[in-house]
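Proteins get letters first, then strands, A, B, ... in listed order; numbering begins at 1 in each.
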There are 2 protein chains.
Amino acid sequence: MKKVGIAILGLGVVGSGTYKILTEHRDFYKQVHGIDFKVENVLERNRARALSLGVAAENIASNMAEICSNSEVDIVVEVMGGVEPAKSFVLAALNAGKSVVTSNKELFCKYSHELEKAAKKNNCGLFFEASCVGGVPVIRTLLDNLQGNKITSMIGIINGTTNYILTKMSDCGASYEKILEEAQSLGYAEADPTADVEGFDAAYKLSILSSLAFHTKIPFSKVYREGITAIDPCDIEYGKKLGYVMKLLAVGKNSDSGIEVRVHPAFVNSSHPLAAVNDSFNAVYVTGDSVGDIMLYGRGAGALPTGSAIVGDIIYCATHDNFNYSTFNNTADADPATKFLTNYESAYYLRLDVDDKAGVLSKVTSVLSKHGISVARVIQEKQNEGSGVSLILITHCTHEKNTDKAVQEINKNGGFAKVVSVIRVV
Amino acid sequence: MKKVGIAILGLGVVGSGTYKILTEHRDFYKQVHGIDFKVENVLERNRARALSLGVAAENIASNMAEICSNSEVDIVVEVMGGVEPAKSFVLAALNAGKSVVTSNKELFCKYSHELEKAAKKNNCGLFFEASCVGGVPVIRTLLDNLQGNKITSMIGIINGTTNYILTKMSDCGASYEKILEEAQSLGYAEADPTADVEGFDAAYKLSILSSLAFHTKIPFSKVYREGITAIDPCDIEYGKKLGYVMKLLAVGKNSDSGIEVRVHPAFVNSSHPLAAVNDSFNAVYVTGDSVGDIMLYGRGAGALPTGSAIVGDIIYCATHDNFNYSTFNNTADADPATKFLTNYESAYYLRLDVDDKAGVLSKVTSVLSKHGISVARVIQEKQNEGSGVSLILITHCTHEKNTDKAVQEINKNGGFAKVVSVIRVV
């Protein structure tokens, strides 16, 4: 029976999940895949954690060099996260002739060109399904199913932490801060939640996914990014009344006029399949010129779902000889010929604090109209305290710059109205 | 630049879509895949159709032998449907050393063992993503993403025609016959709709998908099959009131006690992601022991979505050298060791016509209880005509045989109640 030796770098959440899946399914894989997958080494500073998972003491490597020189190791699984030392370790593994499976979105987003070069040079596999959206099979779908399509749009809910927070805020009306605290105590958010709540995590993933979807390098620096920390629960509430659900979306679009890639909170129509993606579930909604609309839905994080993606790549790597690369054109930067759009087109939700006086609505809409923005829906509601009222407008589709200018003009124009929330509607 | 020659057998809906995608994207594929995909031959009796699609007269083959001996043809696309002559043509292509991409679920379901044997012998690729659920990437997901999971459950809405009919029946309360007629006039149902409405199409697909998911041959003959022709719109209406949506489901389950595979109408809780899969959209909801729940959603039929799956396979075939087979254990029949369950477990919706008299509910529930069935919910409604009333019961989970016996006993028991509808609840 064919034997495939695995080394796992890092026994955190994903590393432990991967170890568990590989060891518990070892007989099952022998039976259905005819391959004996054996974890030959782990690299983990916390020896106690490794031992408590059941790793034999002699299989805990002291350093990366030991793994590189272990001829029993065929595939190295990098699940450490962060750029260094992960990058050096992955390059060392590839240069030692080992294939690599990684879940490291930051590393792959920033250095795929270097890693792919090393993989190619050494004729090794380099697999990264687990780097984006955990157990949701989006990378292989883009590479091996939709590769005959011109993909025009990709809209994803690709960060579990923020989707959990927004779902809970929507369910119980509590503030961002309160729900974040709860999420932290439940382990759904990190002690330092910045990477998730400020959209970095989603932006890394969008950079990787849109590079695959649009067949050209989309560097992280080109991804517009806006987090969820400023979301006011009252906007979620007003949105609900209008039939919208608030999500942190990763949006990639490709048209004749150019490419746009952006991560930001947005309202989604409640009839859209993405609106029903709740809690820590994730989904990616892709539109291709042949396939039409498809959606891939599942758990975007967690030990076992992400471990499932890692193990899927391990088995694929062990059963395929030729590996395809150069999906990123081997560059760190975008092709100079790629045109990136920044003046995004969308409908907008605007919430204004306005004086409760006749003529205010007319003044507001006249400023909007001056900037070419027409209004699709209006709600006006008395606020609980004070004499002001909230005016909610949903605009028709317009360009971001028009909205910015109109908002500036209203806010400058001497007090009859103040725009307090501007949220895109997808 | 690498050149890959294609022959398309049959220019029906899927064949025409495939031809269109390949010809319109030819430059795009040169640019992003570095391969020139050229349609070298078509096999189509209706020459006028071929010519009107833009096929050059000299590329219309007179017979299969011409295609087999054309050294410019590398990949043969079989989109004729039915067993013969498709089977002979596919075998001829493989024996001539051409790889094959097929959308033919009946052929693949019944003869995959023969086709895979021929493919292996000739070291050719044999791809069938398009045979199941059109543009929804379910086959490659099972093979290359979830292959490290023990898949415990797979629930699919995998026939577009029946989903369209059930969605419309639910929307407007019309009868099956009326909506079928409408669907036929719109081209969503065939003149002879048997394959779709009696569940054959879904059962072929379930046979293929469950063989992949459960790593053992699940022959068509083992798939329980029940169509939608007997569905009464009033049951859809009562179901709605109880928070259920009616779907034709393909269900595959695998547990320590055995495998069950079945296609039948069922009520789905309206909060389940499958409940929102409407019209001709399809979806497959898969549960694996590591990945948890994932759902793949999209268009399960149509020229371009199915063409997208075909072209995805063509590009995959052209960019990979080693092909994996034996997912079906090379047999026509199930492994004798496989245990198939038939006494399915589920909750049930029962509609009874009952006498409007005291004590009837108690008589009915006492028969159910005798057979170990407990009742979760009850609605009783006066019918429009006559003196009878409709009694709707939702049972807790029970075994099919218990339900059958209880229904028989109630219907035999002398007229106080008659069970008129029995529908599984998933």
**Study point:** Residues forming a side chain to side chain donor-acceptor pair (under 3.5 Å) with A:Asp144, sequence neighbours excluded
**Key:** none
Considering only heavy atoms, which portion of [X] lies under 4.5 Å from any heavy atom of chain B: side chain, backbone, both, or neither?
X        : answer
A:Phe281 : side chain
A:His25  : side chain
A:Tyr29  : side chain

Can you establish whether the number of heavy atoms outside [X] located under 6.0 Å from its atom [atom1] is more than 12?
X        : atom1 : value
B:Lys339 : NZ    : no
A:Lys20  : NZ    : no
A:Tyr188 : OH    : no

Return the option, out of [options], with the maximum number of heavy-atom pairs under 4.5 Å with chain A.
options                                : value
B:Lys150, B:Glu129, B:His33            : B:Lys150
B:Gly298, B:Pro137, B:Ala276, B:Gly134 : B:Pro137
B:Val311, B:Asn145, B:Asn149, B:Leu304 : B:Asn145
B:Thr306, B:Thr141, B:Ile139, B:Leu146 : B:Thr141

Practice item. Return the option, out of A:Pro273, A:Gly148, A:Gly17, A:Gly302, with the maximum number of heavy-atom pairs under 4.5 Å with chain B. Key: A:Gly148
Point to revise | Close approach to chain B in residues 286-297 of chain A, criterion heavy atom under 4.5 Å | key: A:Asp289, A:Ser290, A:Val291, A:Asp293, A:Ile294, A:Met295, A:Leu296, A:Tyr297
Practice item. Give, as side chain, backbone, both or neither, the part of B:Ile21 having an atom under 4.5 angstrom from any heavy atom of chain A. Key: side chain
